[in-house]
Protein chains: 2
Amino acid sequence: MKTLLTGGAGCIGSELAVTLINSGHNVVVYDNLSSGRIEHVAPLLDHPHFRFVEADLLDKGALERAMRDVEEVWHLAANPDVKYVPGDATDKDLQQNLIGTYNVLEAMRRAGASRLAFTSTSAVYGLSEDTMIAETSPTRPISLYGASKLACEALIGSFQHLFGMKVCIFRLANIVGAKTRKRGATVLSDFVRKLSENPHELHILGNGQQSKSYLLSSDCVEAMTFAMNNASEPVPIFNIGCSDSLSVNSIASLVVEALGLTQVHYTYTGTEGGWPGDVPRFVLDTRKINQLGWQASHTSREAIALTIHRMLALAPLDEVGAAACKQ
Amino acid sequence: MKTLLTGGAGCIGSELAVTLINSGHNVVVYDNLSSGRIEHVAPLLDHPHFRFVEADLLDKGALERAMRDVEEVWHLAANPDVKYVPGDATDKDLQQNLIGTYNVLEAMRRAGASRLAFTSTSAVYGLSEDTMIAETSPTRPISLYGASKLACEALIGSFQHLFGMKVCIFRLANIVGAKTRKRGATVLSDFVRKLSENPHELHILGNGQQSKSYLLSSDCVEAMTFAMNNASEPVPIFNIGCSDSLSVNSIASLVVEALGLTQVHYTYTGTEGGWPGDVPRFVLDTRKINQLGWQASHTSREAIALTIHRMLALAPLDEVGAAACKQ
């Protein structure tokens, strides 16, 4: 089966590429390398069942060419940063996430590609009153990122109905793992960078009590491929995460401990969320994917601890990947 | 208060313009006349508190100019046709509804306009398992139109949160009324046209058992202005309709009766929905707006019967408007 994987040079996408090839897929990774890195797929470049296309989703011609003879699409490419920073364009997510997704759907329709897996986000729920957020919980995103992903889900559902596609939608928790970078835009890289600059003080965005679900990228890939093979509804939607959560203060302690520091003074911006559009607290209800037969191998705390360990070990990326995924 | 009303030359918009002017607003109607008609606002053109701008929402410059000093926006402009016909562009709703709405939001943000009312649609619910569809029912649109409107809602919610707007979202039933046209794309105009051509036979899209909520445009305007003045949540969403429904077969009988015909032979396409993306049956749960203090003055049957009556009476449009709204 020829499979197009958008965003396949990213942290999750590059692990998924390996899994798909190992399951017998011919994989075309389509990535503009705006946040993905060619190093992530370097070990695959000479594989006979792998091809890399450096192109943007807004380039319809390139997308149409890449879609030739494709049967299945894994659409992971997106603006990866949930934050809106004043001064940013307000249509970044609209363009990169929604118009990009429309272009994928339209190219699929024209090429007759009929199977689609899509990575949405738990940010579609926004500020929920539910303590455990299930797939049936109300969707009221408060970030431009979350809004654009919910818009993609709606568009995918209508294409499924009108053009007879088979689709699967994944609402991901925060995904961490072997390829989470020191220079990335995550809470971990923020803490590691700040403590390298000043090992006595850590300035934390928010009040430290923000608490979220974290999942290892290897677990995420396993969950998605499992669901894609086993789900039977017309438009199945799955929360992908583990059912616990971890506070920002706990993450700070884990980083401080891993760095061997003591007597670090914490300061806080003091807001409830870390930034405008941040959802300060949520626990994903993952019973739907659990009941289908998949369970996360690591808790949020384990996922974060492993990721810190690998991040600080500075091991070559592919070794890190292999190691972290086998814990 | 200076108020921008997009789609103000449409069936609902032109009635809303009158109501807003009567409540003391200075109204700028912004309409590209793609489906709206200048005749609908003709009686207002010389009013000192009214201005008409013929322009498209995709023309950002025109929108920015029209937004100057505006405090409140009623955003009704949209592609009005829910149907997707094979061969149509698949991005019509994405462009006209979603990008148009993004342009409105961004122009508001830049101009500091902070109040927004938006007409969404009951098509956001898609094929619901609930017999009465409340605002908390799952949203799984099956039409490109419904998907684009849900996407607009998500975008509006995130702008509200990030930029401190006051917004109100209305999920409308099928709106009919004085300005529903013989040549329009509604079930009524379809039946009237077919029976004018052949009074012995009526070919019905679907199986005739599709059943939906209908609301008079005058009731719709009243409900929306009432909610805008009285709702207090950050992003209130209201179903706007009456709590009953009417089948397509019943509508056919009302049209046949109004035309004075007998012995009309009905034939059917036989599909469950009238067209791909049609939601064959739904009843809106309108208790939320009812509990806020508003109630529809007419049932679905009354709304349809009145509309047929006015449509066939061929009275001048503004008289029809006045008459139908006062029933």
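Each chain gets a letter, A, B and so on, in the order the sequences are listed, and its residues count up from 1. Just so it is clear, the model here is predicted, and its values are computed rather than measured.
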Using heavy-atom distances under 4.5 Å, tell me whether B/Leu144 contacts chain A through its side chain, its backbone, both, or neither. both
Which atoms of B/Ile142 approach chain A - backbone, side chain, both or neither, heavy atom under 4.5 Å: both
Using a cut-off of under 4.5 Å for heavy-atom pairs, which of A/Ser158, A/Ala147, A/Gly146 has the most such pairs with chain B? A/Ser158
Donor-acceptor contact present, side-chain B/Glu153 to main-chain B/Ala151, <3.5 Å: no
For B/Thr90, is it the side chain, the backbone, both, or neither that has a heavy atom closer than 4.5 Å to a heavy atom of chain A? both
When rounded to the nearest 0.5 Å, the distance separating CG of B/Asp285 from OG of B/Ser128 is 11.0 Å
Pair A/Glu272 + A/Arg281, salt bridge at N-O below 4.0 Å: yes
Nearest heavy-atom contact between B/Leu292 and B/Ala231 is CD2-N, 4.2 Å
Chain A heavy atoms under 4.5 Å from B/Pro141: which part of the residue, side chain, backbone, both or neither? both
Over 60° means perpendicular and under 30° means parallel, so classify the ring planes of A/Phe163 and B/Tyr84, tilted if in between. perpendicular
Kindly say whether A/Gly206 contributes a backbone atom to a donor-acceptor pair with the side chain of A/Thr269 at under 3.5 angstrom? yes
Is it the case that the side chain of A/Arg140 and the backbone of B/Gly157 share a donor-acceptor pair, with hydrogens and angles ignored and the cut-off at 3.5 Å? no
Determine the option with the most heavy-atom pairs under 4.5 angstrom with chain A, choosing from B/Ser143, B/Cys152, B/Ser137. B/Ser143
Atom group of B/Ile156 that falls short of 4.5 Å from chain A, counting heavy atoms: neither
Taking A/Thr6 for the side chain and A/Leu76 for the main chain, is one N or O donor matched with an acceptor at less than 3.5 Å? yes
Short question: side chain of B/Tyr268, backbone of B/Gly208 - any donor-acceptor pair under 3.5 Å? no
With chain A as the partner chain, list the residues of residues 101-122 of chain B whose heavy atoms fall under 4.5 Å from it, by residue number, and write 'none' if nothing qualifies. B/Tyr102, B/Glu106, B/Arg109
Should B/Glu233 and B/Lys288 count as an ion pair when the cut-off is N to O under 4.0 Å? yes
Out of A/Asp93, A/Leu162, A/Leu98, which one racks up the most heavy-atom pairs below 4.5 Å with chain B? A/Leu162
Considering only heavy atoms, which portion of B/Thr139 lies under 4.5 Å from any heavy atom of chain A: side chain, backbone, both, or neither? side chain
Under 4.5 Å heavy-atom distance to chain B, tell me which part of A/Pro276 shows up: side chain, backbone, both or neither. both
Is the side chain of A/Ser245 donor-acceptor paired with the backbone N or O of A/Val283 at a distance under 3.5 Å, no angle test? no
Please flag which part of A/Tyr145 lies under 4.5 Å from any non-hydrogen atom of chain B: side chain, backbone, both or neither. neither
B/Asn97 and B/Asn79: side-chain hydrogen bond (donor to acceptor under 3.5 Å, both in side chains), yes or no, with the steps? CA-CA 6 Å; B/Asn97 300 355; B/Asn79 164 37; 5.3 Å; no
Relative to chain A, which segment of B/Ile237 carries a heavy atom at a distance below 4.5 Å: side chain, backbone, both, or neither? neither
